[in-house]
Amino acid sequence: MKIAIGSKNPAKVEAVRDCFINEANSVIPVDVPSGVSDQPFSDEETIEGAINRAKASRLAAGAQIGIGLEGGVVQTPYGLFLCNWGALAVEGEEPIIAGGARIKVPADVAERLMNGEELGPVMDDYTKQNNVRHKEGAIGVFTREAVSRRQMFVHIMQMLIGQYRYRESGKI
């Protein structure tokens with residue numbers, strides 16, 4: 001089966017490959033637009049980006065399944081939190097959606113995001129590293145790598161695949 005992932009980000013691609021590890025499956029990374037802000041600022045916008053990437057990647061690759069994984073932030077009464085969402089799209093069906101871990105963003109990082117900067121470049125500056133989003137991600141930095149970005153997206157993928165298999169079994 002052909003499975004498209006709407007990103008070439010290594011953390012996202014590896015999460016999909018980890019969950020579809022089967023000789024009969026091929027995972028195809030595809031650069032497709034999210035159709036939302038570079039820095040999504042709500043659950044709704046982040047979900048929309050994941051759905052858009054899932055649908056667009058499936059079509060672009062001619063795949064049976066399209067996957068969209070999107071990271072964003074969400075303002076709460078307790079501060080700004082990371083949010084991560086995934087979507088799985090197949091032809092003729094509503095997309096399957098799942099969300100991941102949340103963690104509060106430190107005040108100095110949150111302030112920069114609230115002033116219009118994007119998390120990826122802010123994290124590079126904050127950590128004095130390059131391409132944090134392609135490695136441990138903000139979640140890895142803020143948990144001292146107890147949870148990596150790949151691991152977080154693996155968890156989302158497991159929920160997406162579980163729901164897909166449940167739906168395919170005719171239960172919903």
Side-chain angles (χ1 to χ4, degrees), residues 1-37 39-76 78 81-105 119 133-140 142-143 145-172:
M1 178 173 4
K2 287 172 68 173
I3 299 134
I5 165 72
S7 177
K8 291 190 176 181
N9 179 299
K12 294 178 180 182
V13 172
E14 288 307 312
V16 174
R17 284 194 174 125
D18 286 354
C19 292
F20 281 108
I21 195 159
N22 180 325
E23 305 255 336
N25 295 323
S26 63
V27 174
I28 305 157
V30 183
D31 265 332
V32 294
S34 68
V36 299
S37 311
Q39 181 55 68
F41 240 87
S42 67
D43 283 323
E44 295 78 12
E45 187 179 15
T46 310
I47 291 168
E48 183 181 341
I51 290 170
N52 291 344
R53 286 184 192 274
K55 289 178 176 180
S57 66
R58 188 185 70 74
L59 291 173
Q64 288 84 11
I65 293 176
I67 302 291
L69 298 171
E70 191 77 12
V73 293
V74 61
Q75 184 65 53
T76 77
Y78 305 99
F81 281 74
L82 298 177
C83 69
N84 296 276
W85 288 92
L88 184 152
V90 296
E91 186 175 1
E93 299 282 346
E94 284 295 313
I96 296 169
I97 302 166
R102 294 179 182 249
I103 188 170
K104 189 174 178 181
V105 176
L119 183 61
R133 75 174 85 190
H134 291 261
K135 301 175 209 160
E136 70 269 37
I139 191 98
F142 299 145
T143 64
E145 297 192 47
V147 178
S148 71
R149 192 165 197 226
R150 184 192 62 74
Q151 289 171 317
M152 182 192 56
F153 281 126
V154 163
H155 185 239
I156 293 171
M157 284 302 306
Q158 290 168 331
M159 290 186 288
L160 291 172
I161 293 168
Q163 290 179 84
Y164 171 74
R165 289 181 179 147
Y166 184 75
R167 184 168 74 186
E168 292 297 299
S169 72
K171 300 292 184 191
I172 56 174

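Judged as a salt bridge (charged side-chain N to carboxylate O under 4.0 Å, His left out), and not counting sequence neighbours, Glu45 has no contacts. When the side chain to side chain contact (heavy atoms under 4.5 Å, CB included) test is applied to Gln64, the partners found at least two apart in sequence or on another chain are Met1, Lys2. Residues meeting the salt bridge (charged side-chain N to carboxylate O under 4.0 Å, His left out) test with Asp18, sequence neighbours left out: Arg150. Take Gln158 and apply the side chain to side chain contact (heavy atoms under 4.5 Å, CB included) test, not counting sequence neighbours, and it matches Cys19, Val154, His155. For Ile103, the side chain to side chain contact (heavy atoms under 4.5 Å, CB included) test picks out Leu82, Ile139, Phe142, Thr143, with sequence neighbours left out. Here Ala54 pairs with Ala87, Ala89 under the side chain to side chain contact (heavy atoms under 4.5 Å, CB included) rule; sequence neighbours left out. Ser148 meets the side-chain hydrogen bond (donor to acceptor under 3.5 Å, both in side chains) test with Gln151; sequence neighbours excluded.
Counting all heavy atoms, side chain and backbone alike, Asn52 lies closest to Gly35 at ND2-CA, 3.9 Å. Scanning all heavy atoms of the two residues, the minimum distance from Trp85 to Ile156 falls at N-CD1, 4.2 Å. Listed here is the closest heavy atom pair of Gly71 and Asn84: CA-OD1, 3.4 Å. Heavy atoms only, all atoms of each residue included: Ser169 and Tyr166 are closest at OG-O, 2.6 Å. Nearest heavy atoms, Pro29 versus Ser7: CB-O, 3.4 Å. The shortest heavy-atom contact between Phe81 and Val105 is C-CG2, 4.1 Å.
Evaluated for a side chain to side chain contact (heavy atoms under 4.5 Å, CB included) with Ile3, the options Ile28, Val16, Leu88 yield exactly one hit, Val16.
With contacts defined as side-chain heavy-atom distances shorter than 4.5 Å, the pair Val73/Phe41 qualifies. Between Ile51 and Glu48 the shortest side-chain heavy-atom distance does not fall below 4.5 Å.
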Criterion side-chain contact (heavy atoms from CB on, under 4.5 Å) on Leu69 and Asn9, from CA distance to verdict
CA-CA 10 Å; Leu69 298 171; Asn9 179 299; over 6 Å; no
Worksheet item: Is there a side-chain contact (heavy atoms from CB on, under 4.5 Å) between Met157 and Ile5 once you walk through the steps?
Response: CA-CA 11 Å; Met157 284 302 306; Ile5 165 72; over 6 Å; no
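By the 4.0 Å N-to-carboxylate-O rule, Arg165 lies too far from Glu168 to be salt-bridged with it.
The line from OG of Ser57 to CD1 of Ile65 is 10.5 Å long, rounded to the nearest 0.5 Å.
Each salt bridge (charged side-chain N to carboxylate O under 4.0 Å, His left out) pair with one or both residues in residues 53-70, not counting sequence neighbours, appears once here: Arg53-Glu70.
In terms of modelled atom types and a separation under 3.5 Å, the side chain of Arg149 and the main chain of Arg133 share a donor-acceptor contact.
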For residues 92-102, which side-chain donor-acceptor pairs fall under 3.5 Å, sequence neighbours excluded?
{"residue": "Arg102", "atom": "NH1", "partner": "Asp43", "partner atom": "OD1", "Å": "3.4"}
{"residue": "Arg102", "atom": "NH2", "partner": "Asp43", "partner atom": "OD1", "Å": "2.5"}
{"residue": "Arg102", "atom": "NH2", "partner": "Asp43", "partner atom": "OD2", "Å": "2.9"}

